[in-house]
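Please read the structure below before turning to the comments.
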Amino acid sequence: MESRSVESIETQILEPNKGTSFSRTCFNGINALSGIGIISIPYALSQGGWLCLMLFFLVAIICCYTGLLLQKCMSVSPSIKTYPDIGEFAFGNKGRILISIFLYLELYLVAIEFLILEGDNLQKLFPNAKIHVGWVKIVGREVFVLLVAVVILPTTWLKSLSLLAYVSIGGVLASVVLVFSIFWVGAIDGIGFKEKGVIWRWDGLISAISMYTFCYCGHAVFPTICNSMKDRSQFPKVLFVCFLLSTITYGSMATMGYLMYGQNLMSQITLNLPTGKISSKIAIHTTIFNPITKYALVVSPIATAIEDKLPLRKSKHIVSYFIRTFLVISTVIVALTVPFFEYVMTFTGALLGVTVSILLPCLCYLKIRKPSYLEVVFIGMILVFGSLVAISGTYTSLKNIISHV
């Protein structure tokens with residue numbers, strides 16, 4: 001697969017005008033790191049215990065460092081503009097294909113997570129929902145997964161995603177609103193911050209680290225963000241600001257949620273909230289709105305990559321509609337078959353998040369640049385850590401998915 005589709009979509013989202021300022025680049029970076037991970041970060045903390053916060057900060061530091069490694073790889077040649085370009089420069093066409101596969105697979109699984117999230121939270125608001133289609137009775141979360149798919153399907157047919165891109169910028173604001181809503185539920189609406197939790201949990205440690213990595217999966221767009229800057233030498237400062245603010249947001253949400261619900265936390269903190277409170281409704285509705293606006297942005301690079309490989313010209317528009325419709329249908333089928341939000345997130349974070357955000361940046365840097373001995377040792381330690389998390393996390397999540405299915 002070529003990176004042309006990734007680059008074209010990212011350009012529409014991040015580069016409406018060439019040469020973005022420092023502040024706007026920071027905003028784009030925070031938006032790339034702001035996602036559905038924020039509603040699951042308290043659950044991740046409950047899986048590992050309070051001391052697991054140290055590993056959360058370690059993952060943040062490592063991902064920030066690997067983001068810098070990507071920028072250093074880009075500085076070697078002006079022709080490097082996207083993540084797949086880095087892979088090709090380091091390992092040839094096979095490197096480009098490998099990175100593209102991981103990027104598109106990651107986007108596909110995120111789209112599935114969107115649908116699972118929508119189904120879970122809408123079911124909480126409307127627990128008795130059901131519809132009849134002929135002799136078939138559809139109840140519960142399946143109703144909402146199907147209804148959301150019908151709503152978002154037309155958005156995936158749009159070729160120009162500029163409007164959706166601007167709508168999706170609300171992701172940063174949505175994260176802030178969500179954090180304040182959760183704080184309001186705990187401090188004002190009577191839930192309180194009384195739970196003590198546990199200090200350490202060995203059995204949930206790998207799942208926690210995998211979910212932490214999922215929260216920092218922004219590396220796919222980092223090269224484009226860097227390339228869009230007026231002054232690219234400031235990109236390290238941008239990364240520092242983005243990771244600092246994102247870590248404060250994630251850390252605050254994790255701490256508040258764990259103090260509120262302790263070991264009773266569900267995979268999404270919104271599922272723990274009392275539905276009768278206004279603050280809870282704001283949090284849940286904010287959570288529901290965000291994936292609807294971002295689904296098309298996530299699926300479109302995959303569809304564009306497939307379309308670019310097809311030789312058809314005259315009927316290309318019809319084929320495009322078919323491909324995008326098929327992608328939506330396939331994500332619906334997987335979301336209904338594997339409706340386990342935490343396990344899919346753990347799998348995505350362990351296999352794809354660790355690979356894209358930790359392992360591949362290190363390998364590309366070692367291949368492209370000539371690092372010092374200390375750098376090689378440090379990167380070697382990161383590779384060992386990442387490999388252990390990827391192998392154990394993927395095994396654990398797949399085991400849980402298979403046992404529940």
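Each residue takes its place number in the sequence, starting with 1.
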Side-chain heavy atoms of Arg96 within contact of Asp85, under 4.5 Å: yes

| message | A quick test of your reading: do over 12 heavy atoms of other residues, nucleotides or ligands sit less than 6.0 Å from CG of Leu58? | response | yes

Would you give me the side-chain donor-acceptor pairs under 3.5 Å for residues 329-337, sequence neighbours excluded?
residue: Ser330; atom: OG; partner: Tyr108; partner atom: OH; Å: 2.8
residue: Ser330; atom: OG; partner: Phe326; partner atom: O; Å: 3.3
residue: Ser330; atom: OG; partner: Leu327; partner atom: O; Å: 2.7
residue: Thr331; atom: OG1; partner: Tyr295; partner atom: OH; Å: 2.6
residue: Thr331; atom: OG1; partner: Leu327; partner atom: O; Å: 3.3
residue: Thr331; atom: OG1; partner: Val328; partner atom: O; Å: 2.7
residue: Thr337; atom: OG1; partner: Ile333; partner atom: O; Å: 2.6

| query | Heavy-atom distance under 4.5 Å between the side chains of Lys124 and Thr270, does that happen here? | reply | no

Open item on the list: Measuring only between side-chain heavy atoms, which start at C-beta, is Ile41 closer than 4.5 Å to Cys215?
Closed with: yes

Quick note, ring-ring contact (aromatic ring centres under 6.0 Å, His included) partners involving residues 382-405, not counting sequence neighbours, are Phe340-His404, Tyr343-His404

Consider only side-chain N and O atoms of Arg201 and Ser207, and report whether a donor and an acceptor are under 3.5 Å apart.
-> no

Decide yes or no for Cys364 and Leu69: does some side-chain heavy atom of the first lie under 4.5 Å from some side-chain heavy atom of the second?
no

Exercise. So, do Leu70 and Tyr83 sit near enough that their side-chain heavy atoms are less than 4.5 Å apart?
Worked result: yes

Is a side-chain N or O of Ser280 found less than 3.5 angstrom from the main chain of Pro274, in a donor-acceptor match?
yes

**Asked** Would you say Glu106's side chain and Thr348's backbone share a donor-acceptor pair under 3.5 angstrom?
**Response** no

query: Glu113 side chain to Met345 main-chain N or O, any donor-acceptor pair under 3.5 Å?
result: yes

Here the ring-ring contact (aromatic ring centres under 6.0 Å, His included) pairs for residues 347-379, sequence neighbours left out, are Tyr65-Phe378

Check: Any sub-3.5 Å donor-acceptor pair from His219's side-chain atoms to Ile358's backbone N or O?
Finding: no

Residue pairs passing the ring-ring contact (aromatic ring centres under 6.0 Å, His included) test with at least one member in residues 253-282, sequence neighbours excluded, are Trp50-Tyr258

Check: Does the Arg324 side chain pair with the main chain of Thr156, one donor and one acceptor, at a distance under 3.5 Å?
Finding: yes

Check: Thr396 side chain, Gly393 main-chain N or O, donor-acceptor pair, under 3.5 Å | no

Residues at least two apart in sequence or cross-chain that pass ring-ring contact (aromatic ring centres under 6.0 Å, His included) with Tyr321, listed by chain then number, are Trp157

Tyr250 ring center within less than 6.0 Å of Tyr212 ring center: no

Applying ring-ring contact (aromatic ring centres under 6.0 Å, His included) to Phe341 and not counting sequence neighbours gives none

Scan side-chain atoms only and decide if Ser279 and Asp189 contain a donor-acceptor pair under the 3.5 Å cut-off.
yes

Note, Val238 side chain near Phe22 side chain (heavy atom, < 4.5 Å): yes

### Task
Check whether any side-chain N or O of Ser210 sits under 3.5 Å from a backbone N or O of Gly349 as a donor-acceptor pair, and report yes or no.
no

